[in-house]
Amino acid sequence: MRFSYQNVCLESIAHTLPEEVVTSEAIESRLEPLYSRLKLPEGRLELMSGIRERRFWEPGATIGQKSVLSCEKAIEQAGIDRSRIGALVHGSVCRDFLEPATAAGVHHRLNLPHDCLLYDLSNACLGLLNGLVQVANMIELGQIEAGLVVGTESSRSLVEMTIKQLNEDQTLTRKTVKGAVASLTIGSGSAAFLLTRREISQTGNRLVGGVARAATEHCHLCESDGLQTIMETDSERLLHEGIAAAKAAFDEFLSGLDWQRNDLNRIFCHQVGRAHRKMLLDRLQLDPELDYATLPWLGNTGSVALPMTASVGVENGQVAAGDRVAFLGIGSGINVLMLGLEWGNA
């Protein structure tokens with residue numbers, strides 16, 4: 001599926017980071033019973049993943065609270081009157097309740113208009129990018145002037161439950177423990193996009209279009225039924241099948257936007273692991289210098305990984321006026337969503 005836009009701008013992108021830093025070394029120290037029993041070498045987690053540390057929200061923090069912080073930053077950056085915001089999509093895997101939508105509490109605390117459309121959207125690591133497409137569609141159709149897409153992921157419960165189960169399960173072997181490693185790479189964070197109609201944009205950061213592609217024959221490669229069980233991931237197969245789907249999508253992405261590889265000035269990818277990043281860039285024939293990564297110090301933050309990385313990159317001056325920017329999203333399922341932007345002059 002292809003997307004094409006003439007009237008949509010990414011007016012702002014913001015992020016909120018937890019203060020608590022949790023190193024891979026600290027996680028391994030808590031896994032001492034498992035490591036001793038299986039005679040696993042120290043440093044294995046960082047060596048395999050490329051992740052030095054990740055972050056946890058403070059105990060008691062809620063998803064909605066952190067999403068509100070990110071939205072407020074995005075609204076302030078854009079300098080837009082919040083009465084003009086016509087849609088709010090909450091796109092993270094984590095949420096405060098099954099009912100009502102987490103978006104409802106965020107909408108209330110932001111004091112957004114009563115005629116603002118709001119809902120939660122879930123699609124593993126692509127939730128925020130899917131939300132971005134939906135809000136962009138509303139703007140392109142003339143239904144709204146501006147919209148927010150936000151999400152917050154929290155990893156403390158998953159990581160701590162994984163550590164507990166790995167230490168207690170005496171049946172685990174060096175081979176079977178591999179399926180739980182991905183859970184130990186997960187970090188916390190929050191990010192928000194604010195999109196506007198082109199006519200009212202102050203930045204001119206135009207969303208040009210993109211492409212979506214599914215390879216759901218591999219939907220079983222990463223599964224979780226909640227925070228009380230280990231997320232089971234066939235990391236090696238997910239790596240290869242995900243990149244194969246991304247390769248097919250990327251060729252269509254370039255064709256649909258009438259871009260060439262050498263037209264790209266900056267790319268932001270989903271942050272999974274060191275091996276994934278290297279293989280993805282190799283298969284897509286992209287210069288690693290084009291890619292901006294936060295993986296070593298933020299870990300894999302799920303649906304907010306790509307948006308947070310883009311926000312940090314923009315904040316640190318990694319995108320310049322006139323740049324062509326690509327968001328390359330890959331999520332379990334397997335789903336791929338790639339979007340292209342032309343950065344404005346503001």
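Atom set for the values below is all heavy atoms of this structure, side chains included, hydrogens, waters and symmetry mates excluded.
Other residues, nucleotides and ligands contribute at most 12 non-hydrogen atoms within 6.0 Å of the CG atom of Asp258. Within a 6.0 Å radius of CD in Glu76, other residues, nucleotides and ligands contribute 12 heavy atoms or fewer. Annotation for Glu58: atom CD counts as buried by contact number, over 12 foreign heavy atoms lying within 6.0 Å. The environment of Leu141 atom CG is dense: over 12 non-hydrogen atoms of other residues, nucleotides or ligands sit within 6.0 angstrom. Summarising the local packing, CD of Glu19 is surrounded by 12 or fewer heavy atoms from other residues, nucleotides or ligands at distances under 6.0 Å. Counting non-hydrogen atoms of neighbouring residues, nucleotides and ligands closer than 6.0 angstrom, the CD atom of Glu99 reaches no more than 12 such neighbours. Residue Glu25 qualifies as open at atom CD: its count of foreign heavy atoms under 6.0 Å is 12 or below. Open room surrounds CD on Glu42; 12 or fewer heavy atoms of other groups in view lie less than 6.0 Å from it.
By the 4.5 Å heavy-atom criterion applied to side chains, Ile139 and Thr196 are not counted as neighbours. Side-chain contact between Arg84 and Ile200: present, with at least one pair of heavy atoms (C-beta onward) separated by less than 4.5 Å. Side chains of Leu194 and Ile75 form a contact here, defined as non-hydrogen atoms less than 4.5 Å apart. With a 4.5 Å cut-off on side-chain heavy atoms, Leu281 and Ile267 count as touching.
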- Under the side chain to side chain contact (heavy atoms under 4.5 Å, CB included) criterion, do Trp297 and Val21 qualify, and how do the steps go? CA-CA 9 Å; Trp297 59 284; Val21 175; over 6 Å; no
- Task: Under the side chain to side chain contact (heavy atoms under 4.5 Å, CB included) rule, what do Lys73 and His15 come out as? Steps first, then yes or no, please.
- Result: CA-CA 8 Å; Lys73 292 175 183 178; His15 66 278; 5.9 Å; no
- Message: Determine whether Thr294 and Met308 satisfy the following criterion, side chain to side chain contact (heavy atoms under 4.5 Å, CB included), listing intermediate values before the conclusion.
- Response: CA-CA 9 Å; Thr294 58; Met308 278 206 313; 6.0 Å; no
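Atom CG of residue Leu280 and atom CD1 of residue Ile243 lie 5.5 Å apart, to the nearest 0.5 angstrom. Taken from CG in Leu34 to CG in Asp169, the straight-line distance is 9.0 Å, to the nearest 0.5 Å. Expressed to the nearest 0.5 Å, how far CZ of Phe250 lies from CZ of Arg261 amounts to 5.0 Å. Atom CD1 of residue Ile85 and atom CG of residue Asn111 lie 10.5 Å apart, to the nearest 0.5 angstrom. Note that CG of Leu298 and CG of Leu17 are 5.5 Å apart. Values are rounded to the nearest 0.5 Å. Atom CG in Asn300 sits 9.5 Å away from atom OG in Ser155 (nearest 0.5 Å).
Panel note: side chain Ser36, backbone Pro33; no donor-acceptor pair is recorded below 3.5 Å. No donor-acceptor pair closer than 3.5 Å links the side chain of Arg95 to the backbone N or O of Ala101. Judged by distance alone, with hydrogens and angles left aside, the side-chain atoms of Ser154 form no donor-acceptor pair with the main-chain N or O of Ser188 at under 3.5 Å. With Arg109 contributing its side chain and Gly105 its backbone, the two residues share a donor-acceptor pair below 3.5 Å. Here the side chain of Arg198 pairs a donor or acceptor atom with the backbone of Gln6 at under 3.5 angstrom. Between the side chain of Glu28 and the main chain of Arg44, a donor-acceptor pair closer than 3.5 Å is present. Put simply, the side chain of Arg30 never gets that close to the backbone of Glu160: no donor and acceptor are under 3.5 Å apart. Of the possible polar contacts, none joining the Asn335 side chain to the Ala214 backbone as a donor-acceptor pair under 3.5 Å is found. A donor-acceptor pair under 3.5 Å links the side-chain atoms of Asp120 to the main chain of Ala103, judged by distance alone. Judged purely by atom type and a 3.5 angstrom limit, Asn316 has no side-chain atom pairing as donor or acceptor with the backbone of Gln318.
A salt bridge links Arg82 with Glu72; the closest basic N to acidic carboxylate O contact falls under 4.0 Å. Here Arg2 pairs with Glu252 in a salt bridge; the nearest charged N to carboxylate O distance falls below 4.0 Å. Comment: Arg266 does not engage Asp323 in a salt bridge, judged by the lack of any side-chain N to carboxylate O separation of less than 4.0 angstrom.
Nearest heavy atoms, Gly209 versus Leu257: C-CD1, 3.8 Å. When every heavy atom of Arg55 is checked against every heavy atom of Pro18, the shortest pair comes out as CD-O, 3.5 Å. Contact between Ser201 and Glu11 at its shortest, heavy atoms only, is OG-OE1, 2.6 Å. In this structure, Val135 and Gly147 approach most closely via the heavy-atom pair CG1-CA, 3.7 Å. Scanning all heavy atoms of the two residues, the minimum distance from Ala326 to Leu264 falls at CB-CD2, 3.9 Å. Nearest approach of Arg206 to Tyr5, heavy atoms of both residues: NH1-O, 2.7 Å.
Donor-acceptor pairing under 3.5 Å is lacking for the side chains of Ser92 and Thr152. For the 3.5 Å distance criterion, the side chains of Arg54 and Ser24 qualify, holding a donor opposite an acceptor. A side-chain donor-acceptor contact under 3.5 Å links Glu153 and Ser303.
Linking Ile, Leu, Val, Met, Phe, Trp and Tyr residues whenever their side-chain heavy atoms come within less than 4.5 Å places Leu290 and Leu284 in a single cluster. Grouping the Ile, Leu, Val, Met, Phe, Trp and Tyr side chains by contacts below 4.5 angstrom, directly or via other members, places Val211 with Trp259. Val150 and Leu339 fall into different hydrophobic clusters, defined by Ile, Leu, Val, Met, Phe, Trp and Tyr side-chain heavy atoms under 4.5 Å apart, directly or through other members. Using a 4.5 Å cut-off between side-chain heavy atoms of Ile, Leu, Val, Met, Phe, Trp and Tyr, with links allowed through other members, Ile13 and Leu126 fall into the same hydrophobic cluster. No continuous path of hydrophobic side-chain contacts links Leu47 to Val181 [ILVMFWY only; heavy atoms under 4.5 Å].
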